Amino acid sequence: MTGQPMVKAEGVHKSYGAAHILRGIDLEVQNGEVFCLVGPSGSGKSTFLRCINHLERIDGGRLSVDGELVGYKQKGDKLYELKDSEVAVQRRDIGMVFQRFNLFPHMTALGNVMEAPIQVKGESKAVARERAERLLDRVGLRDKMGNYPSQLSGGQQQRVAIARALAMEPKLMLFDEPTSALDPELVGDVLDVMRDLAESGMTMIVVTHEMGFAREVGDSLVFMDGGVVVEAGNPRDVLTNPQQNRTKAFLSKVL
């Protein structure tokens, strides 16, 4: 089926106890699109991202990736949660890069990137290694393949984490503030890798505070606050000429 969105959220709700974090999120991310989510801390951006690969269960609404419900199956008009093993199969197609790099400290950069294809997909070491070397070269770390995470800068670790997510050959990449834990001079290298990914046609959802990246690379931008979509549109339009007072107030502090 052509033309269906890569990600579709319909009335998505999520609460933690009395805290209503997501309050009916509706949005679509098209295939090949770089979709940026911006907003203040606590607005629900990261929670929404985690719902897309069912790291968090949604409490209402529907979320689908590439036309398939995430975390649930429908029988009649009821939704039933999938088993963990079935969710794990869905997650193979969704790469996620976190704020913190979460690399295996006892494995080299190369080992970190090879691990999931071998363990999850049952690939041979030779095939996994060839791809891992290619991906580390792509993120500018050809000379660091044998280094352990403790021997790498934060920016280098984050680039290894991106290569590791790409090793599963996902159709969707999720980035949760991938540069926010980095020293300012290391941010550019990570954003360059993400630009390269965008140019190659990877569908990406990026939670970010890097407004320059959103303006340059983003195809769509959503400003979230208080668990709702306040404003959405072309990043250049929203950032230069926001329509909502809440968006204007936020951007006046960060631009």
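As the structure is a prediction and not an experimental result, all values here were calculated from the model.
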Colleague: When you measure from the side chain of Gln243 to the backbone of Glu231, do you find a donor-acceptor pair of N or O atoms at a distance under 3.5 Å?
Modeller: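 Answer holds: no.
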Colleague: Considering residues at least two apart in sequence or located in another chain, which fulfil the side-chain contact (heavy atoms from CB on, under 4.5 Å) criterion with Thr208?
Modeller: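 Thr208 satisfies side-chain contact (heavy atoms from CB on, under 4.5 Å) with Val38, Val206, Glu210 only.
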Colleague: Quick check: does any side chain N or O of Lys45 sit under 3.5 Å from a backbone N or O of Gly39, one acting as donor and the other as acceptor?
Modeller: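 Judged by distance alone, yes, a pair lies under 3.5 Å.
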Colleague: If you take all heavy atoms of Val70 and Cys51, which pair is closest and at what distance?
Modeller: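 Closest heavy-atom pair between Val70 and Cys51: CG1-O, 4.1 Å.
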Colleague: Is the NZ atom of Lys121 crowded by more than 12 outside heavy atoms at less than 6.0 Å?
Modeller: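 Above 12, so yes.
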Colleague: Does CG in Asn241 sit with more than 12 non-hydrogen atoms of other residues, nucleotides or ligands closer than 6.0 Å?
Modeller: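 Count over threshold, so yes.
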Colleague: Spell out, as yes or no, whether a donor-acceptor pair under 3.5 Å connects the side chain of Gln151 to the backbone of Tyr148.
Modeller: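 Present.
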Colleague: What residues, two or more places apart in sequence or in another chain, satisfy ring-ring contact (aromatic ring centres under 6.0 Å, His included) together with Phe101?
Modeller: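 For Phe101 there are no ring-ring contact (aromatic ring centres under 6.0 Å, His included) partners, ignoring immediate neighbours.
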Colleague: Using the salt bridge (charged side-chain N to carboxylate O under 4.0 Å, His left out) criterion, which residues pair with Asp219? Sequence neighbours excluded.
Modeller: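 Partners of Asp219 by the salt bridge (charged side-chain N to carboxylate O under 4.0 Å, His left out) criterion come out as none, since no residue qualifies.
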Colleague: Quick check against the 3.5 Å criterion: does Gln99 have a side-chain atom that pairs as donor or acceptor with the backbone of Asp176?
Modeller: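 No, the answer is negative, given that no donor and acceptor are paired below the 3.5 Å cut-off.
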Colleague: By ring-ring contact (aromatic ring centres under 6.0 Å, His included), which residues pair with His20, not counting sequence neighbours?
Modeller: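 With sequence neighbours excluded, His20 shows a ring-ring contact (aromatic ring centres under 6.0 Å, His included) to His13, given in chain and number order.
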Colleague: With a cut-off of 6.0 Å (strictly less than), are more than 12 heavy atoms of other residues, nucleotides or ligands near CZ of Arg195?
Modeller: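 Yes, CZ of Arg195 has more than 12 neighbouring heavy atoms, counting only those of other groups under 6.0 Å.
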Colleague: Of all the heavy-atom pairs spanning Gly76 and Gln74, show the shortest one and how long it is.
Modeller: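 Of all heavy-atom pairs spanning Gly76 and Gln74, the closest is O-NE2, 3.0 Å.
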Colleague: Under a 3.5 Å distance rule, please check whether Arg159 uses its side chain to pair with a backbone N or O of Val190 as donor and acceptor.
Modeller: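 It does not hold such a pair.
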Colleague: Looking only at heavy atoms, which two atoms of Gln156 and Ser153 are closest? And how far apart?
Modeller: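 In terms of heavy atoms, the two residues are closest at OE1-N, 2.9 Å.
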Colleague: Can you name the side-chain contact (heavy atoms from CB on, under 4.5 Å) partners of Pro117, sequence neighbours left out?
Modeller: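 In terms of side-chain contact (heavy atoms from CB on, under 4.5 Å), with neighbours along the sequence ignored, Pro117 is linked to Glu123, Ala128, Arg131, Ala167, Met168.
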Colleague: Counting distance only, does the side-chain N/O of Ser64 pair as donor-acceptor with the main-chain N or O of Leu69 below 3.5 Å?
Modeller: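 Side chain of Ser64 to backbone of Leu69: no pair is present.
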Colleague: Who pairs with Phe250 by ring-ring contact (aromatic ring centres under 6.0 Å, His included), at least two apart in sequence or on another chain?
Modeller: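 Here the qualifying residues are Phe223.
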Colleague: Measuring from Leu152:CG to Asn112:CG, what's the distance to the nearest 0.5 Å?
Modeller: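 Going from the CG atom of Leu152 to the CG atom of Asn112 covers 9.5 Å.
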Colleague: Step through the shown structure and confirm whether more than 12 heavy atoms of other residues, nucleotides or ligands are within 6.0 Å of CZ on Arg57.
Modeller: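 12 or below, so no.
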Colleague: Check for a donor-acceptor pair, side chain of Asp137 on one end and backbone N or O of Arg142 on the other, with a separation under 3.5 Å.
Modeller: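 No, Asp137 side chain to Arg142 backbone: no donor-acceptor pair under 3.5 Å.
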